[in-house]
Enquirer: 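Have a look at this one.
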Amino acid sequence: MTAIALIDGNNFYVSCERVFQPHFEGKPMVVLSNNDGCVVARSAEVKAMGVPMGIPWFKLKPLARQNRIIAKSSNYTLYGDMSHRMHSVIAQFAPEQEIYSIDESFLNLTGMPGDLITYGQSIQQRVKQWVGIPVCVGIGSSKTLAKLANHCAKKTIVPIMPGGVTDLTQLSNAELDETLSRIAVGEVWGIGRRLSAQLIDMGITTAAHLKNASINRIQKHFSVVVGRTVAELNGEMCLELEDVAPPKQQIMSSRSFGQPVYRLEDLIEAVTSYTARASEKLRRQQHVASAIQVYLRTSPFKTDAPFYSNGVVVRLMQPTNSVFALAQAATQGLKQIYKPGLPYTKAGIMLLDLQPSNRVPLDLFSALGAPTDLRSQALLKTLDTMNERFGRGTLRSAGEGFAKPWAMRSTHKSRAYTTDWAALAVVQRG
DNA sequence: TCTGGGGTCCTAGGACCC
DNA sequence: TCTGGGGTCCTAGGACCC
């Protein structure tokens with residue numbers, strides 16, 4: 001029988017912060033999104049206070065002050081590195097792993113001898129000891145059931161399986177139905193707010209109802225995707241583990257500004273910076289882009305000013321991975337959609353129509369930044385090597401600017417403990 | 001004063017072709 | 001004067017995920 005495990009970090013970002021600041025253990029704590037915008041991770045103590053996910057920080061502030069909630073700005077350098085460590089430890093437990101997100105891994109435990117609960121506990125212990133992050137383990141006979149098992153593990157929904165490891169494959173069909181009948185349909189992976197509401201209207205309110213619904217009816221009423229979810233709930237593997245991450249089909253980079261931006265020159269700087277980040281990712285996956293989309297907007301939350309949002313796709317003469325060619329195209333697009341006098345709060349770019357660089361035909365004129373242009377490829381290679389070695393932004397084009405009036409807010413950020421020599425934790429001797 | 005960022009997949013509908 | 005049926009490709013928008 002198939003056995004898929006989903007391992008995920010508890011309150012991952014909060015746990016990362018606590019590894020290096022252990023005095024935060026047991027204290028109510030949140031991590032904020034970029035720009036200190038809203039809450040993206042909550043400690044158990046904060047969840048217990050009823051603080052919802054995604055609440056804007058300025059709305060939570062009074063309660064935070066009152067209850068001494070600690071807030072940290074997000075520190076993706078730290079979380080990314082901790083994530084890498086966690087996934088590597090988890091990989092030791094099975095030959096087949098899919099890294100699903102920054103804090104989640106699927107493992108294929110099919111055919112593993114012995115009790116899977118015990119096995120799950122050993123995963124928990126090793127990750128905790130070697131990386132410092134607490135995790136829960138859910139096991140089921142499909143990815144969707146593994147996700148649900150993980151939910152059960154976190155909330156101890158199956159009482160005979162306490163301690164953060166739940167194996168649904170050990171339950172009989174009747175026991176599984178009984179367990180799923182205590183889980184709201186909206187908790188099922190792939191059932192979001194909209195679908196949940198529609199399903200409830202049809203009388204399908206629990207995960208058990210959905211499992212026992214007619215696939216045909218569901219598929220006809222919704223889509224093949226939801227139909228697959230029903231099959232997966234019945235233990236049929238419709239979604240395979242993807243051990244090698246497929247290359248991205250589009251690469252995005254966007255940010256909210258720390259304060260409203262009015263000037264075109266500042267927007268061009270910001271967009272040039274985003275293009276630098278995105279094109280770096282593009283080169284890492286050895287692809288080129290044939291088009292770039294630029295967009296900007298004012299705040300959708302202000303009621304006293306009209307909302308403006310616009311975007312444009314700029315096609316390139318020739319597919320490229322060069323930050324220079326891409327930034328030039330982005331600037332050109334930006335000029336088309338920019339309206340003077342508006343308080344812009346966000347801008348971004350998206351690289352589109354990606355393809356492997358070795359599949360691009362030779363260009364007769366070898367325009368600036370073409371992947372076949374050896375000199376420009378050497379320049380980009382140097383750029384990437386230097387930035388990897390000495391830190392992001394060591395080498396960059398002047399177009400990214402220096403004053404950066406658009407830079408995002410990040411007022412409670414912890415240090416890059418694991419990736420910067422100067423930020424290593426210091427152990428005091430008593 | 002202050003509301004994140006980065007993705008995927010599917011479907012419907014229009015343009016266009018024979 | 002009558003005005004079919006089948007197919008592909010593209011885009012926009014909606015839904016979902018973390």
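Throughout, protein chains are lettered first and strands after them, A, B, ... in sequence-line order, and every chain is numbered starting at 1. Please read these numbers as outputs of a predicted model, since none were measured by experiment.
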Enquirer: Base, sugar-phosphate or nothing for A:R277? Non-hydrogen atoms, less than 4.0 Å.
Expert: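 The answer is nothing, as A:R277 stays clear of every strand by at least 4.0 Å.
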Enquirer: Going 5' to 3' through nucleotides 7-16 of chain C, assign each nucleotide B (protein heavy atom under 4.0 Å from a base atom), S (under 4.0 Å only from sugar-phosphate atoms) or - (no protein heavy atom that close).
Expert: --------SS
Enquirer: Between A:K281 (NZ) and B:dG6 (P), how many Å, whole number?
Expert: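 Those two atoms, NZ and P, are 6 Å apart.
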Enquirer: Decide yes or no on side chain to side chain contact (heavy atoms under 4.5 Å, CB included) for A:Y79 and A:V31, but give the supporting numbers first.
Expert: CA-CA 11 Å; A:Y79 310 150; A:V31 173; 3.4 Å; yes
Enquirer: Quick check: on DNA chain B, is the nucleotide nearest A:P247 upstream (toward 5') of the one nearest A:P260, or the reverse? Name the residue that is more 5'.
Expert: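 It is A:P260, whose closest nucleotide lies nearer the 5' terminus.
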Enquirer: A:T419 and A:D81: side-chain donor and acceptor closer than 3.5 Å?
Expert: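 No, because no side-chain N or O of A:T419 sits under 3.5 Å from a partner of the opposite role on A:D81.
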Enquirer: Counting the atoms with a prime plus P, OP1 and OP2 as sugar-phosphate, which does A:Q250 contact under 4.0 Å by heavy atoms, base, sugar-phosphate, or nothing?
Expert: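 Result for A:Q250 = base.
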Enquirer: If you look at every heavy atom in A:V14 and A:M29, which pair is closest and at what distance?
Expert: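 Smallest heavy-atom distance, with atoms named: CG2-O, 3.9 Å.
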Enquirer: Just the rounded figure in Å: distance from P of B:dC2 to CG of A:N35.
Expert: 11 Å
Enquirer: Please report whether the ring centroid of A:Y308 lies less than 6.0 Å from that of A:Y338.
Expert: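 So the answer is no for these two rings.
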Enquirer: Report the C-alpha distance between A:F257 and A:Y344 in whole Å, list the side-chain angles of each, state the deciding distance to 0.1 Å, and finish with yes or no for ring pair (Phe, Tyr, Trp, His ring centres under 6.0 Å).
Expert: CA-CA 8 Å; A:F257 305 132; A:Y344 295 100; 8.1 Å; no
Enquirer: Expressed in angstrom and rounded to an integer, what is the separation of A:K59 atom NZ from B:dT3 atom C1'?
Expert: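 Distance check: A:K59 NZ to B:dT3 C1' gives 7 Å.
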Enquirer: State whether A:R18 and A:E45 are salt-bridged, where the test is any N-O pair (Lys NZ or Arg NE/NH1/NH2 against Asp/Glu carboxylate O) under 4.0 Å.
Expert: yes
Enquirer: Can A:D384 and A:R284 be counted as an ion pair, charged N to O under 4.0 angstrom?
Expert: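 No, A:D384 and A:R284 are not salt-bridged.
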Enquirer: Base, sugar-phosphate, or nothing for A:S299, non-hydrogen atoms under 4.0 angstrom?
Expert: nothing
Enquirer: Any base atoms under 4.0 Å from A:D36, or only sugar-phosphate, or nothing? Heavy atoms, all strands.
Expert: nothing
Enquirer: May I ask you to say what A:L32 touches in the nucleic acid, namely base, sugar-phosphate or nothing, with a heavy-atom cut-off under 4.0 Å?
Expert: nothing
Enquirer: When you check the phosphate oxygens OP1 and OP2 of B:dT3, does a side-chain N or O of A:T345 lie under 4.0 Å from one of them?
Expert: no
Enquirer: B:dG5 P sits how many Å from A:R297 CZ, rounded?
Expert: 8 Å
Enquirer: Please report the distance, rounded to the nearest Å, between NZ in A:K147 and P in C:dC17.
Expert: 9 Å
Enquirer: Starting from the first five and the last five pairs of the helix from B:dG5-C:dC18 to B:dC18-C:dG5, work out the angle between the resulting helix axes, to 10 degrees.
Expert: 10°
Enquirer: Is A:S254 near enough to B:dG6 that one of its side-chain N or O atoms lies under 4.0 angstrom from OP1 or OP2?
Expert: yes
Enquirer: Take atom C1' in C:dG4 and the same atom in B:dC16, then report the distance between them in whole Å.
Expert: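 About 16 Å, rounded to a whole number of Å.
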Enquirer: Find the distance A:L148:CG to C:dC17:P and express it as a whole number of Å.
Expert: 12 Å
Enquirer: Check the angle between the aromatic planes of A:F20 and A:Y417 and answer parallel, tilted or perpendicular using the 30° and 60° thresholds.
Expert: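 Plane angle under 30°, so parallel.
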Enquirer: Is the A:Y100 ring parallel, tilted or perpendicular to the A:W189 ring (thresholds 30°, 60°)?
Expert: perpendicular
Enquirer: Specify the separation, in whole Å, of atom CG of A:D8 and atom C1' of C:dC17.
Expert: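 Atom CG in A:D8 sits about 13 Å away from atom C1' in C:dC17.
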Enquirer: Given A:N321, which of A:R283, A:Q286, A:Q377, A:H287 fulfils the side-chain hydrogen bond (donor to acceptor under 3.5 Å, both in side chains) condition?
Expert: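 Only match with A:N321 under side-chain hydrogen bond (donor to acceptor under 3.5 Å, both in side chains): A:Q377.
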Enquirer: Identify, between A:S253 and A:F58, the residue whose nearest nucleotide on DNA chain B lies closer to the 5' end.
Expert: A:F58
Enquirer: May I have the distance from A:Y76 (atom OH) to B:dG6 (atom C1'), rounded to whole angstrom?
Expert: 10 Å
Enquirer: State whether A:K302 places a side-chain N or O below 4.0 Å from either non-bridging phosphate oxygen (OP1 or OP2) of B:dT3.
Expert: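 Checking B:dT3 against A:K302, no side-chain N or O comes under 4.0 Å of OP1 or OP2.
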